[in-house]
Enquirer: 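Here it is, the structure in full.
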Amino acid sequence: MTEDVLSLVDEWGPEKVVCVSDRRSGMRGVLVLDNTARGMGKGGTRMSPTLTVREVARLARTMTWKWAAVDMFHGGAKAGILGDPTAPGKEEVLRAFARALRNEVPAEYVFGLDMA
């Protein structure tokens, strides 16, 4: 999941990239707030064993354009967790992810579903 995050930035965003982890559960995740010009960031949370920051940033950009296209007052954002969605410890990882983002949720980001 490591890469040069600054290479993802252009004139539209992302405005904020938050990388989080939890030693106890092994959770590693990222939140990308792409563009909040139209409102609070809203997007799904993807869990995948091959997740990258670039993938989450691309999906957050898609959400920016999706909300603008349907004239909804939300900003584009996406969250992602590096992990196996079928693993037995999935709930612990999800809870750790939500705790780690307590400064951003719900003030800046609204969680949604994605693939799980």
Side-chain angles (χ1 to χ4, degrees):
M1 201 160 77
T2 9
E3 58 188 273
D4 181 12
V5 176
L6 292 176
S7 70
L8 304 173
V9 179
D10 63 18
E11 65 273 13
W12 297 100
E15 294 173 8
K16 189 174 191 179
V17 178
V18 181
C19 295
V20 294
S21 66
D22 177 70
R23 271 188 265 158
R24 189 173 52 178
S25 66
M27 177 277 295
R28 291 189 292 164
V30 63
L31 169 64
V32 177
L33 294 170
D34 182 59
N35 188 301
T36 58
R38 295 183 55 86
M40 179 188 308
K42 184 173 166 112
T45 303
R46 177 163 294 199
M47 182 181 244
S48 168
T50 60
L51 189 81
T52 65
V53 175
R54 182 169 300 282
E55 175 185 6
V56 177
R58 181 183 53 80
L59 292 166
R61 177 59 53 86
T62 301
M63 294 304 296
T64 295
W65 293 113
K66 173 185 171 180
W67 295 126
V70 296
D71 202 26
M72 298 282 293
F73 294 102
H74 299 299
K78 200 69 161 182
I81 303 169
L82 183 64
D84 181 0
T86 63
K90 176 182 175 179
E91 184 177 341
E92 181 185 6
V93 168
L94 287 169
R95 288 181 185 276
F97 186 62
R99 276 192 309 275
L101 292 175
R102 67 185 167 277
N103 292 329
E104 289 74 27
V105 177
E108 298 178 81
Y109 178 67
V110 177
F111 277 114
L113 300 174
D114 192 273
M115 56 185 260

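In this chain, numbering begins with 1 at the start of the sequence shown.
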Enquirer: Measure across Pro49 and Pro85 and return the closest heavy-atom pair with its distance rounded to 0.1 Å.
Expert: CD-CD, 4.1 Å
Enquirer: Hydrophobic cluster membership, with links at side-chain heavy-atom distances under 4.5 Å among I/L/V/M/F/W/Y: are Val93 and Val20 in one?
Expert: yes
Enquirer: Say whether Met47 and Val105 are linked into one hydrophobic cluster, either directly or through other cluster members, by side-chain heavy-atom distances under 4.5 angstrom.
Expert: yes
Enquirer: Ion pair present between Arg46 and Glu55, side-chain N to carboxylate O less than 4.0 angstrom?
Expert: yes
Enquirer: Under a 3.5 Å threshold, yes or no: a donor from one side chain and an acceptor from the other, between Thr36 and Glu15?
Expert: yes
Enquirer: If two hydrophobic side chains count as joined below 4.5 Å and joins carry through other members, does Tyr109 share a cluster with Leu94?
Expert: yes
Enquirer: Is the backbone N or O of Lys42 less than 3.5 Å from a side-chain atom of Trp67, with the two atoms forming a donor-acceptor pair by type?
Expert: yes
Enquirer: To the nearest 0.5 angstrom, please state how far the CZ atom of Phe97 sits from the CD1 atom of Ile81.
Expert: 5.0 Å
Enquirer: May I ask you to say whether Asp10 pairs ionically with Arg61, meaning some side-chain N is under 4.0 Å from a carboxylate O?
Expert: yes
Enquirer: Please check this pair: side chain of Asn35 against backbone of Trp12, looking for a donor-acceptor N/O pair closer than 3.5 Å.
Expert: yes
Enquirer: Find out whether Val30 and Val17 are in side-chain contact, i.e. whether some heavy atom of one side chain is under 4.5 Å from a heavy atom of the other.
Expert: yes
Enquirer: Hey, is Asp84 close enough to Lys90 for a salt bridge, meaning N to O under 4.0 Å?
Expert: no
Enquirer: Working to the nearest 0.5 Å, report the span between CG of Asn103 and CG of Leu31.
Expert: 11.5 Å
Enquirer: CG of Leu33 to CE of Met63: how many Å apart, nearest 0.5 Å?
Expert: 12.0 Å
Enquirer: Is it true that Ser7 and Arg54 share a donor-acceptor pair across their side chains at a distance under 3.5 Å?
Expert: yes
Enquirer: First locate atom CG of Asp22, then atom CZ of Arg28, and finally report the distance between them rounded to the nearest 0.5 Å.
Expert: 12.5 Å
Enquirer: Any heavy-atom pair between the side chains of Val56 and Leu51 that's under 4.5 Å?
Expert: yes
Enquirer: State, to 0.1 Å, how close Ser25 and Ala96 come at their nearest heavy-atom pair, and which atoms those are.
Expert: OG-CB, 3.5 Å
Enquirer: Atom CZ of residue position Arg38 - does it have more than 12 heavy atoms of other residues, nucleotides or ligands inside 6.0 Å?
Expert: yes
Enquirer: List the steps and the verdict of side-chain contact (heavy atoms from CB on, under 4.5 Å) for His74 and Met40.
Expert: CA-CA 5 Å; His74 299 299; Met40 179 188 308; 5.7 Å; no
Enquirer: Can any side-chain N or O of Arg95 pair as donor or acceptor with the backbone N or O of Glu92 at less than 3.5 Å?
Expert: no
